[in-house]
Amino acid sequence: MTSIDMPWTLQLVIVGFLLFGALVALIGSWGLAKLPDIYTRLHGPTKASTLGVGCTLIGSLLYFSHQQGGVSFQEALVTIFLFATAPVSAHMMGKAALRRRLKGVPGTRNMPDR
Amino acid sequence: MALLYAITLGVLTTCGVYLLLRARTFTVILGLTLLSHAVNLYLFASGRLVSSAPAIIGLSEQPADPLPQALVLTAIVIGFAMTAFVVVLALKAAVELRNDHVDGENPDEDLA
Amino acid sequence: MIATIVPIAMALFAVAALLNLYRLAIGPDIVDRILALDTLMINSIALIVLSNIWMGFGMLFELALLIALMGFVSTVAMSKYLLRGDVIE
Amino acid sequence: MPLALIILLPLTGACLPALMQGRSSRLLASVSAIPALLSLLMLLSWLPHVASGGDTIVQQLTWLPSLGLNVAFRLDGLGLLFALLITGIGCLILLYARYYFEGEDSVARFFTLTLLFMSAMLGIVLSENLLFMLVFWELTSLVSFLLIGYNTDRQAARLGARMSLVITAGGGLALLGGVVLLGQAAGSYELSAVLAAGDRIRAHEHYGLMLNLILLGAFTKSAQFPFHLWLPHAMSAPTPVSAYLHSATMVKAGLFLVARLHPALGDTSAWFHLVTLTGMVTLMLGAFVAMFMHDMKGLLAYSTVSHLGLIMLLLGLGTPMALAAALFHLLCHALFKAPLFMMAGYVEHATGTRDMRRINGMWRFMPAMMVLSGISAAAMAGLPLMSGYLSKKMLFTESLQVSTPDWAVVVIPLWVTLAGLFSVAYSIRIFHNVFFNGRPIDLPVWPPHVTGSAALSPIALLAVATLLVGLAPQQAYTTLIQPAFTAARQALVAPYDVSTLGGNVPMAMSLIALAGGALFYRTRDPLFRFHARLPEVDAKEIFDWVMRRTIALSQRRVFQLENGSLQRYLTFIVITVVLLVGLELVAVTHWHGGLPLGPLDPLTVMSALLLCLAAIGVVVFHHYRLPALLLLGVTGLFVTLAFARFSAPDLALTQLMVEVMAVVIMMLALSFLPQTSPRESTRTRMGRDLAIAGLIGSGVTAFSFAILTRPQQTISDFFLANSVPGGGGTNVVNVILVDFRGFDTLGEITVLGIAAVAVFAFTRDLQLKERVVDTQPGHWVAEPHPIMLSTVARLVLPIALLVSAYIFLRGHNLPGGGFIAGLITAVALTLQYMAGGLVWAQQRMLTAFRPLIGAGLLIAVATGLGSWLFGYPFLTSAHGHVTLPLIGEFELATAMLFDLGVYATVVGSTLLILANLGKLMTVAGPGKEIG
Amino acid sequence: MNHALILPILLPLITGAGQLLFYQAPFALQRLLGFASTFWLVLLGIWCLQVAGNGEHLVYHAGDWPAPFGIVLILDRLSAVMLALTAVLGFCCLLYASNGGDQRGAHFHALFQFQLAGLNGAFLTGDLFNLFVFFEILLIASYALLLHGGGRARSRAGLHYVIINLVGSALFLIALGTLYGLTGTLNMADLAQRVAQAPPGDVPLLAAASLLLLVVFGVKAAILPLLFWLPRAYSAASAPVAALFAIMTKVGIYAILRVFLLVFALGEAPINETAWGWLWPLALFTLALGGIGVLGSNSLRTLTAYLVVLSVGTLLATISFATQESLGAALFYLIHSTGMTAVFFLLADLLGQQREEGYDNFTATGPIGHRWLLGTVFFFAAIAMVGLPPFSGFVSKAWILQASAQESQGFWLWGVLLAAALLTLIAVSRTGSSWFWRPGDMARPYPLERGPLTLVSSMVGLNGLLAVFGEPVMGYLELTAQQLLDPHAYIAAVLPEAFVARQEVAP
Amino acid sequence: MTISRRSRQYWLPRPLFSLFLALLWLLMVNDFSMAHVLLGLALGVAIPVVTHAFWPEEAKIKRPLPLLRYLLVLLLDILRSNLVVALRILRPARHLRPGFFVYPLTLDDDFAITILASTISLTPGTVSLHYDSEANTLLVHALHLEDEAEAIASIRERYEIPLEEIFR
Ligand code: NA
Ligand code: NA
């Protein structure tokens with residue numbers, strides 16, 4: 001880390017984003033580890049991929065924008081790409097789970113059984 | 001750091017070699033891949049471990065040794081080519097020989 | 001401040017990755033494991049972005065970019081394999 | 001007159017019969033006789049010179065002087081004696097063969113081989129250079145092999161041929177060793193030098209080995225015990241061959257060699273013991289066995305063995321005249337044994353058998369033959385006035401001359417007398433049993449088919465020669481033996497009167513032998529009965545059994561190692577590494593090289609932990625393939641992170657893309673493999689493997705620790721300094737790849753291209769009869785191309801191409817480059833395959849992958865070759881700044897063009913592999929080529 | 001700088017790439033291209049022999065970067081010999097393959113050219129990592145060629161061959177990493193100097209790295225106990241490929257010579273002593289195993305594969321004496337054995353095609369076509385193989401015996417070498433007598449391919465010529481050995497300044 | 001479907017997308033110089049031409065502005081539902097009432113449907129699992145499903161109707 005001659009307010013904002021992002025992602029992964037069935041677990045990574053990574057990226061965007069004296073847009077690109085691809089992963093994994101006739105946790109409503 | 005890195009390589013190598021010595025092609029390929037990870041990291045380490053100093057002119061005072069990086073890049077590519085090749089070959093052999101044993105003569109297969 | 005917080009954030013993501021690996025190990029189904037790997041990949045994007053700040057050059061953006069854009073290909077390949085028994089037909 | 005001509009005549013003459021396939025034996029014999037006779041005449045023309053004690057003639061041509069191997073010929077008394085025997089008896093054999101093969105077709109082979117043999121044999125006796133002599137030595141073994149196996153359809157012939165080849169050529173190998181040692185001890189392979197260096201040779205540190213090896217060569221060739229076994233089985237050859245090779249000439253080569261090298265090696269205790277004892281055993285054994293042989297040729301063969309032993313014994317004795325006696329007996333033996341063989345051949349022809357128990361009373365049918373054979377048999381028995389009488393008396397005389405060691409003084413005279421007794425007995429037997437001894441019993445050919453009298457001419461000529469030597473021994477001695485003796489001793493020998501030799505004791509010994517032999521023959525019936533009760537031992541069977549056992553054993557031993565188990569081979573390799581490297585590492589005193597270890601941070605610790613856990617996970621889950629593959633993916637991801645962590649963004653990018661591609665390829669392959677593999681290893685096996693793997697792992701740990709803590713001096717400063725001014729890029733890694741070490745990169749993409757083409761080649765005709773996993777396609781979610789996937793895939797493709805372009809263009813200055821760009825493109829296109837199916841995607845894209853690979857390679861090479869135009873070496877780069885309106889200044893480097901080649905090759909290779917792997921899945925199956 | 005120096009690599013590379021680019025062109029054209037390239041390689045090989053014959057090292061700086069920074073190619077006598085041998089062998093194999101064998105799989109010609117490029121690169125490069133790269137090229141091409149023609153035996157043997165060589169490559173990289181980590185350079189000449197000046201604490205590590213390299217090259221060269229992949233792989237390959245593979249083990253031997261006589265040869269106590277110490281017993285056992293394997297083989301191709309093992313054992317045992325005479329003898333034997341094992345692989349195919357059953361299997365007995373003609377060819381080939389006069393095997397054996405007689409341990413080699421020759425003799429005489437003597441002619445023999453027969457006969461003849469005109473060859477090889485034993489000349493050629501500097505320091 | 005090389009369809013198959021790519025390029029290189037604008041535009045034109053065969057349908061997005069508003073709404077929703085779901089995850093699992101529901105679509109364009117399905121997945125708490133092309137329905141899993149009808153209505157109102165507007 002090279003230069004830290006950054007206004008403390010900006011630092012605070014960046015730190016806030018980074019910490020928040022990390023916490024959200026941690027909760028998402030906690031969910032992945034804890035939730036009872038595959039269908040509920042599928043919701044975990046959505047958190048990481050959206051808000052978790054998103055906030056980290058915003059923090060990074062702010063940091064590098066200040067560092068390079070201009071707006072750093074590359075973080076935005078990462079977000080766009082992630083938002084485009086992550087739902088497909090979830091979709092395909094969900095289909096795979098259905099295909100393998102995985103059972104939902106007892107009490108799951110409308111469990112498809114076709 | 002050096003010790004941690006070295007131990008990690010040791011674990012990777014141990015796992016890779018152990019898998020190499022198992023009796024199925026697929027496992028052997030797993031072992032080869034792990035081993036090649038370890039080897040690439042080892043080759044990489046021959047330039048010493050440097051933080052925050054990519055071998056790009058103008059970024060840092062003492063850039064990392066670029067040569068091992070170039071070598072590892074070549075090694076990764078060659079490793080990729082070889083892995084792809086050996087995977088397909090293993091598949092071909094498994095289909096033709098009707099199993100994926102690598103441990104000695106198999107009475108089930110006929111080498112016509 | 002950033003210098004102290006970034007490692008903490010990284011540690012949090014690393015814990016998240018450890019949790020992912022835990023799920024990967026226990027399964028129980030293969031889909032759970034794929035999901036765990038997918039999540040791990042996404043968490044690693046954050047790890048890379050944080051490392052990027054930590055190192056201070058912005059040399060790792062492309063890496064994050066590529067994981068975001070191409071990382072899902074392997075997840076798709078595995079899911080499709082489970083779905084159909086093949087990947088390309 | 002060049003001596004080479006003597007050898008070359010029969011050698012080139014050997015072609016004549018070969019060109020006259022299918023002609024009669026009469027014509028072939030006449031044609032073959034021409035070169036043989038010419039050689040004989042040339043030799044005879046040298047006889048006066050040699051007999052008068054003229055100089056040794058040496059003629060030389062350089063061939064391989066570095067090796068000491070020269071084309072060098074030598075003619076002295078010893079060589080001439082043998083050469084005359086070879087050509088003289090050879091001519092008679094050709095004459096004999098004319099009748100022997102009468103009426104048979106395709107006998108050209110015999111005449112060719114016989115001439116070839118004659119020339120080889122002449123080569124042995126006329127060589128001045130010992131290595132050159134070896135060439136002919138081995139040639140005689142080979143020709144003998146071919147001649148023994150002449151009747152290829154008979155198993156006995158094949159076996160006998162192989163046996164003789166193995167023994168004689170094997171001996172030849174030993175001889176090669178001995179000769180090399182001898183040459184080194186003497187400083188030259190030229191006989192003149194070797195024979196003059198006797199004292200130095202005998203004092204040489206390797207004298208014993210040298211002697212043993214050379215004698216091994218000589219003993220095998222001359223059928224000395226225990227190598228005599230091949231000779232009786234060589235009797236499967238046609239009789240002319242037996243008469244020529246296996247009694248008169250080839251078997252004498254060993255004797256020739258011993259006589260020849262006597263000045264260099266002889267007259268030591270080792271020499272005496274080896275040569276004399278071997279000769280004694282062979283002499284007695286041959287004589288004893290010969291007595292009990294019922295087969296005519298067998299008897300003659302064993303008697304030959306016995307006589308060879310006798311001569312060998314004489315050569316070993318070391319008494320002044322023993323050598324002369326040996327040479328004299330050698331001459332006599334050739335003269336009387338050849339006609340006996342010829343006789344046996346005729347009788348076999350006439351009667352259809354060689355069994356003397358059935359052949360009796362032949363005098364009625366072939367009286368002339370009876371008379372002629374009688375002369376030879378008498379000579380063999382050593383009857384007075386016959387050649388053999390004199391030689392045997394010389395033997396007895398010399399046996400009495402032995403003064404040391406003590407045992408020999410008594411044993412040798414007794415021994416030779418006993419052997420003489422046996423030889424008398426079998427001589428009587430072959431003559432009496434064939435021509436007398438009552439009437440024939442149950443002959444296959446009846447009445448015996450009698451050969452014309454002209455056919456007897458060779459026998460007659462040899463009988464006359466026998467008589468001549470017997471009647472005028474002194475003349476024979478002075479013209480033939482004396483020069484040979486002189487040459488063999490390498491010293492002037494005073495003239496010697498054969499008729500005055502000996503005294504009463506040798507005479508008595510002769511008489512005892514004669515009388516005892518006659519008595520022995522009288523009492524043969526009980527002896528035969530006794531002998532018949534002895535267990536029968538067939539050397540050929542034993543040889544074959546030993547061979548088969550050896551081969552079976554070899555197979556088992558080899559199979560124990562090379563059993564087709566990859567695991568075993570890998571274990572060998574790994575253990576070798578552990579051993580070799582481990583023993584070296586014991587000497588390492590300082591593993592820590594002095595540099596500080598470097599601070600730890602929590603992220604790195606955690607990542608390292610995760611990487612280790614994932615790797616261990618792969619091991620734990622290796623029976624379940626998909627989970628193992630996922631864990632492998634985790635390791636790949638963390639290796640990527642490690643590269644990122646330690647300042648190698650290029651590596652991280654590459655590793656990531658390779659990882660994605662590799663997972664897809666493995667997934668593709670996995671659908672043909674079983675999902676799980678059974679647990680097969682035992683616990684001990686697993687423990688052993690784990691121990692080995694752990695050793696290797698700790699080795700790697702120790703090595704990397706040692707390296708990481710050692711200070712470094714490297715050539716890399718040059719790259720950092722020259723990257724911008726010389727290579728025109730700030731990303732030093734990329735500049736190394738495309739410029740400093742562009743040659744490596746060219747090689748690397750070649751590897752990738754070849755791998756892809758190889759995959760194409762070997763999946764082209766692969767027929768997948770069944771898929772290992774069953775797919776159950778009917779499930780409601782299992783549609784082939786989910787809309788969501790295909791839509792996003794279409795969206796990703798142009799974006800990925802954009803990213804490709806970005807990564808490609810920045811590569812020279814920032815992390816990126818052609819290889820990563822190529823992989824991005826390839827992965828994006830792979831996604832299209834997955835989303836829309838192979839056929840769908842193939843219809844929409846450029847599919848000429850192989851030409852793309854070729855073009856990529858050619859672009860890269862052409863870029864490199866471009867520098868030739870400017871007089872620079874291959875791959876010399878150029879770069880410069882270009883200014884365009886609107887755009888401004890930007891940089892162009894030839895390296896970029898090189899990188900374009902890399903890009904094309906990577907895209908082509910990756911997709912070629914993928915498409916062909918995917919093709920295996922298509923229902924359509926193989927047929928149309930893809931890529 | 002003479003650009004022809006890089007042509008042995010570029011020419012086949014371009015040809016191969018061109019054959020891929022125009023893969024739809026008529027097959028005859030592809031074949032012709034391959035021939036043209038290989039023919040030029042033969043001419044280049046002769047040129048190299050001539051140029052290197054002056055005793056100078058020709059250096060080519062790829063990319064115009066000075067050594068040790070850029071990659072240099074170095075042509076010395078050894079490289080020239082290997083290049084010429086490869087070219088001639090390649091040409092013969094290509095001739096044999098063009099009889100139809102090249103059409104039994106895809107892209108034979110392109111792969112063949114790549115194989116040649118890899119081989120030539122390995123022989124020319126002066127950079128250790130570049131050597132690794134060329135090893136990979138020649139290996140991947142050999143994997144592909146091994147599988148040419150398809151079939152289960154090939155798949156299986158090929159898989160083992162590939163995996164073992166991948167492990168070998170991993171070890172190679174570890175050795176490279178160690179060497180670079182300790183010395184900071186990759187150029188072999190530079191490495192030699194730095195290894196010699198290494199601090200004492202690093203020497204055991206460097207020695208360990210050198211032994212790793214020994215294992216790597218030992219796997220390629222097929223030395224005990226690393227050779228077990230070989231018999232099946234070689235006997236499974238199609239004839240022209242197996243014949244070309246005769247040079248593959250020699251690459252390992254070349255690498256051993258190059259690395260251990262240059263990189264680890266300097267200093268007060270050269271590291272290569274350790275390697276010779278290991279090489280000697282291992283090579284002897286290899287030789288013995290080769291002999292036993294030859295005897296125990298059940299087909300002619302397996303027998304030939306073990307002959308390869310035998311020749312490797314002989315070569316390495318001789319090399320491990322590391323004297324001028326032994327190296328010269330070894331190189332002569334290398335040429336001889338490469339040619340003869342190639343001949344035997346081709347011959348096995350030629351004969352196998354004419355046998356009514358069993359192809360080249362020894363257990364099968366049946367009539368054989370053109371018995372006398374083929375029998376004669378086999379007879380001469382067998383004589384040449386066993387090392388009986390007047391073929392070059394005899395000369396090389398005599399030379400090896402002479403060279404090793406001067407060593408105290410040399411007699412072990414004598415014993416094993418002569419015994420192995422005897423075992424070979426037993427094996428081939430059994431084969432010959434049971435194939436050509438036992439059963440009769442085939443009633444209606446398959447048509448005899450004249451081209452391949454002529455080729456094989458000429459190759460045997462060539463072996464004879466090597467003996468007849470052996471003196472200049474021996475002279476050349478002796479000088480080659482002399483050059484090999486003088487690494488300073490090599491280093492001076494590659495690193496002129498460094499050499500001058502060193503000379504000035506040294507009194 | 002073959003398109004003449006002369007036509008605008010061939011050389012500029014989807015102008016908006018070309019602009020989008022050019023924009024992406026500029027964001028990626030993070031350099032808004034003239035050279036990069038030109039290069040981005042060139043790539044933006046060239047890449048759709050090269051990849052047109054993979055994506056032959058005509059562009060459906062007619063109005064980009066509502067799309068921006070849609071994205072804004074999406075971002076807010078992501079933030080909101082993230083918090084909700086975070087609380088759900090942290091509480092014991094027995095409080096969860098997970099369930100599936102079938103969402104009947106009114107959209108009929110593949111691209112629009114994909115965006116909707118992605119939106120559903122991106123907002124924590126719901127994941128779209130399967131698209132039934134015959135019934136034109138999406139199968140959705142909700143982490144906490146209290147009222148099926150309400151969930152459907154919410155999706156319809158917040159996302160599908162705006163999307164219909166964009167893709168009309
Ligand atoms: Na690059
Ligand atoms: Na969601």
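When reading the values below, keep in mind they use all heavy atoms of this one structure, side chains included, and skip hydrogens, waters and symmetry mates. Letters go in sequence order (proteins before strands), and every chain restarts at 1. Quick caveat, the model's predicted, so the values are computed rather than measured.
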Practice problem: Heavy atoms only, distances under 4.5 angstrom: which of A46(C), A17(C), G71(C) has the most pairs with chain A? Name it, please. | Solution: A46(C)

Exercise. Give the member of V73(C), V76(C), N20(C) that has the highest number of heavy-atom pairs under 4.5 Å with chain A.
Key: N20(C)

Exercise. Below 4.5 Å from any heavy atom of chain C, which atoms of L12(A) appear? Answer side chain, backbone, both or neither.
Key: both

Quiz prompt | Between S60(A) and N52(C), a side-chain donor and acceptor under 3.5 Å | solution = no

Practice problem: Among D38(C), D32(C), L40(C), I30(C), single out the residue with the greatest number of heavy-atom pairs under 4.5 Å to chain A. | Solution: D32(C)

Exercise. Using a 4.5 Å cut-off on heavy atoms from C-beta on, say whether the side chain of L32(A) contacts that of L19(C).
Key: no

Self-check item: chain A contact via A11(C) - side chain, backbone, both or neither, heavy atoms under 4.5 Å
Solution: neither

Exercise. Write down the atom of S29(A), the atom of A16(C), and the distance for their closest heavy-atom approach.
Key: OG-CB, 3.4 Å

Practice problem: Determine the minimum heavy-atom distance between A68(C) and L82(A), stating which atoms define it. | Solution: CB-N, 4.0 Å

Practice problem: Walk me through it: do I53(C) and F64(A) pass the test side-chain contact (heavy atoms from CB on, under 4.5 Å)? | Solution: CA-CA 8 Å; I53(C) 299 177; F64(A) 280 104; 3.9 Å; yes

Exercise. Carefully, step by step, assess K95(A) and K80(C) under the rule side-chain contact (heavy atoms from CB on, under 4.5 Å).
Key: CA-CA 9 Å; K95(A) 279 166 97 70; K80(C) 195 161 178 229; over 6 Å; no

Exercise. Write down the atom of N43(C), the atom of A25(A), and the distance for their closest heavy-atom approach.
Key: OD1-CB, 3.8 Å

Self-check item: Considering all heavy atoms, the nearest A22(A)-F13(C) contact
Solution: CA-CE1, 3.5 Å

Quiz prompt | Region of L35(C) that comes under 4.5 Å of a non-hydrogen atom in chain A | solution = both

Quiz item: Between L98(A), T56(A), V78(A), T85(A), which has the largest tally of heavy atom pairs under 4.5 Å with chain C?
Solution: T85(A)

Quiz prompt | chain C contact via L35(A) - which portion, at a heavy-atom distance below 4.5 Å | solution = backbone

Quiz item: Among L12(C), D29(C), L50(C), who wins on heavy-atom pairs under 4.5 Å with chain A?
Solution: D29(C)

Self-check item: Contacting region of I8(C) [heavy-atom separation from chain A under 4.5 Å]
Solution: side chain

Quiz prompt | Inter-residue atom distance I67(C).CD1 - F81(A).CZ, 0.5 Å rounding | solution = 13.5 Å

Quiz item: What are the two closest non-hydrogen atoms of T39(C) and P45(A), and how far apart are they?
Solution: OG1-CB, 3.3 Å

Quiz item: Would you say the side chain of T75(C) lies within less than 4.5 Å of the side chain of M93(A), judging by non-hydrogen atoms?
Solution: yes

Quiz item: Based on non-hydrogen pairs under 4.5 Å, which of L77(A), L42(A), I38(A) is most in contact with chain C?
Solution: I38(A)

Quiz item: Atom CZ in F61(C), atom CZ in F73(A): separation rounded to 0.5 Å?
Solution: 12.5 Å

Quiz item: Who wins among R41(A), R100(A), E75(A), M92(A) for the most heavy-atom pairs under 4.5 Å with chain C?
Solution: R41(A)

Quiz item: Which one, L69(C), I34(C), L82(C), leads in non-hydrogen pairs under 4.5 Å with chain A?
Solution: L69(C)

